[in-house]
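Worksheet for the structure shown next.
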2 protein chains.
Amino acid sequence: MSIIETVDAEGSEAVSLHQRILSDISEKILSGAWPPGHRIPFEHELTAEYNCSRMTVNKALSQLAKAGLIERRRRSGSFVRRPQSQAAVLEIHDIRIEVEALGLAYRYQRLERLKRRSNAEDRTLLELAASGPVLALKGLHFAGQRPFAHEQRLINLAAVAEAGEEEFLDIAPGPWLIGRVPWSQAEHRIRAIAASDHIADVLDIEAGAPCLVVERRTWSAEHPVTHVRFIYPAESHTLVARFTPSQG
Amino acid sequence: MSIIETVDAEGSEAVSLHQRILSDISEKILSGAWPPGHRIPFEHELTAEYNCSRMTVNKALSQLAKAGLIERRRRSGSFVRRPQSQAAVLEIHDIRIEVEALGLAYRYQRLERLKRRSNAEDRTLLELAASGPVLALKGLHFAGQRPFAHEQRLINLAAVAEAGEEEFLDIAPGPWLIGRVPWSQAEHRIRAIAASDHIADVLDIEAGAPCLVVERRTWSAEHPVTHVRFIYPAESHTLVARFTPSQG
DNA sequence: CCTCTCAATATGTATATACATAATCACCAT
DNA sequence: ATGGTGATTATGTATATACATATTGAGAGG
């Protein structure tokens with residue numbers, strides 16, 4: 001309630017108030033002190049607690065909401081969100097790097113390239129509202145002589161027009177895109193499938209053998225950029241994800 | 001370049017100014033009109049262009065910076081960032097929540113429970129240096145009447161002594177641990193396998209059918225806590241990972 | 001008892017303002 | 001030339017204020 005005359009005599013670090021509110025609250029949530037469903041103090045209460053303006057509190061809470069830790073409801077307040085899910089930083093390496101880390105020669109080979117107007121399936125995969133030009137690619141990543149992964153990709157040419165001029169004969173579209181398009185969001189879907197006859201054929205495995213499928217959708221500031229589906233033979237691939245639960 | 005006094009006569013949607021500045025700029029970046037390294041107009045210029053206060057512009061630019069699209073430098077201005085490396089936030093939900101989200105009844109059932117001194121394999125899985133007491137558990141997660149996932153877990157009793165007193169007959173060890181042990185690090189390994197005869201039997205699927213395997217190792221402040229291996233029938237499970245680069 | 005309306009409330013968005021801070025530039029003295 | 005010094009500039013953070021908007025809850029009216 002009082003003016004801030006205590007100048008943080010002890011562990012006085014140069015942390016902004018904004019940051020402190022943020023970390024205080026996420027700590028409470030992550031530690032379980034405030035379980036899912038718990039109502040977070042109202043903005044005006046936090047205003048009093050931290051002796052700051054509502055704008056500062058509001059900014060911090062809005063950020064927590066965007067991060068998915070809390071849910072805000074007008075007139076009701078802010079609440080700790082239910083999905084107390086564990087978040088992990090999953091690093092999906094460039095396939096080339098992955099292959100070369102195994103001491104094998106990397107090679108990419110195009111199987112198919114098609115420029116067309118997006119059909120219904122394309123629009124579903126890319127989450128596109130309207131029809132537009134897309135580039136559909138299929139290719140194989142090799143580790144030494146053996147196929148390592150099959151890639152099936154859609155590129156939204158409305159978002160990345162230059163991609164339409166590329167042949168992608170022996171350069172993989174992934175690194176090409178990464179080097180050109182800044183992306184702001186991605187979604188992965190990971191699952192297991194049995195190899196279809198066709199996939200078994202190109203990957204040189206038995207039909208019905210288990211495969212790991214990684215699908216990735218990428219957005220650059222609201223705009224869908226690309227959708228890609230990697231299929232790995234089960235033996236060749238393990239995804240590794242490491243996680244430290246720090247909140248920014 | 002001119003002031004926007006046109007009040008969006010046409011597709012006038014209730015979009016906040018904040019949102020409009022945000023999408024305008026990211027569109028410019030995305031389209032390549034502003035390539036990496038390009039200097040974004042100064043806040044005071046955008047203030048004039050959008051005829052709004054600096055705070056509004058600042059908020060939008062700060063958000064773009066947090067999203068990793070631009071980089072801000074004092075005295076110099078804001079610049080389009082070079083594309084970043086890939087990392088993804090993978091959310092692994094509590095199985096109960098996942099099952100209940102499907103509208104099915106959740107149930108956990110213990111298959112096996114063994115308290116013993118860690119053997120060589122245990123120490124590998126837990127990354128333990130010395131031998132010590134561990135709890136080895138096997139159990140099934142049900143969605144309705146059908147098995148949803150098989151769980152095989154090791155708990156380091158040196159780190160979580162109370163776990164040794166628990167039976168885990170029908171409460172799953174995952175939530176039990178989460179509620180008790182603050183964990184500071186986790187590592188996931190994700191891969192596909194063909195169901196062994198035994199796994200096929202307990203999961204009620206065909207032998208050789210593809211399965212998704214998620215292994216998680218958890219540490220609490222340097223101490224290994226638990227290692228768990230989930231096996232999901234391929235049809236029942238897709239991991240979804242969402243990602244926004246860099247957090248605030 | 002039910003519905004409709006209106007006031008109260010918490011959040012959402014925006015403004016004007018102020019001062020802090022880091023980086024750069026121009027200038028001056030050596 | 002060279003090195004320091006201070007002014008300038010753009011962003012960083014915070015405040016007080018205002019009004020919009022969604023939602024809840026209580027009370028009026030049927």
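A, B, ... follow the sequence lines: proteins, then strands. Residue 1 opens every chain.
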In whole angstroms, how far is the C1' atom of C:dA14 from the CG atom of B:L46?
16 Å
Donor-acceptor contact below 3.5 Å, side chain A:R217 vs main chain A:L125
yes
Among D:dT11, D:dT13, C:dT11, find the nucleotide with the atom closest to the side chain of B:E43.
D:dT11
Taking only N and O in the side chain of A:S62, is any of them less than 4.0 Å away from OP1 or OP2 of C:dT11?
no
Rounded to whole angstrom units, what separation is found between the NE2 atom of A:H18 and the C1' atom of D:dA14?
12 Å
Side-chain heavy-atom pair B:N58, B:R72 within 4.5 angstrom cut-off
yes
Out of C:dT11, D:dA14, D:dT11, whichever nucleotide has its closest atom nearest the side chain of B:R72
D:dT11
Name the closest nucleotide to the A:S16 side chain, picking from D:dT13, C:dT13, C:dT15.
D:dT13
Round to the nearest Å and state the distance from B:L61 atom CG to D:dA10 atom C1'.
11 Å
Return yes if some donor-acceptor pair links the side-chain N/O of A:R123 with the main-chain N/O of A:S118 below 3.5 Å, else return no.
yes
Rounding to a whole Å, what distance do you find between A:Q63:CD and D:dA14:P?
12 Å
B:K59 has an atom NZ; how far is it from atom C1' of D:dA14, in whole Å?
14 Å
A:Y108 six-ring centre to A:R96 NZ/CZ under 6.0 Å and within 45° of normal
no
Rounded to whole Å, CD of A:Q19 lies from C1' of D:dA14 at a distance of 14 Å
If the sugar-phosphate is the primed atoms plus P, OP1 and OP2 and the base is the rest, what is the B/S/- string for nucleotides 18-27 of chain D, using protein heavy atoms under 4.0 Å?
B--BSBBS--
Whole-Å distance, B:Y50 OH to C:dT13 C1', equals 17 Å
Quick one: does any side-chain atom of A:R116 pair with a main-chain N or O of A:A136 as donor and acceptor, under 3.5 Å?
no
Salt bridge (charged side-chain N to carboxylate O under 4.0 Å, His left out) involving B:R107 - partner list, sequence neighbours excluded:
none
B:R191: salt bridge (charged side-chain N to carboxylate O under 4.0 Å, His left out) partners, not counting sequence neighbours
B:E215
Whole angstrom value for the distance that separates P of D:dT9 from CZ of B:R39:
14 Å
Look at all strands and tell whether B:L17 reaches a base, only sugar-phosphate, or nothing, counting heavy atoms closer than 4.0 Å.
sugar-phosphate
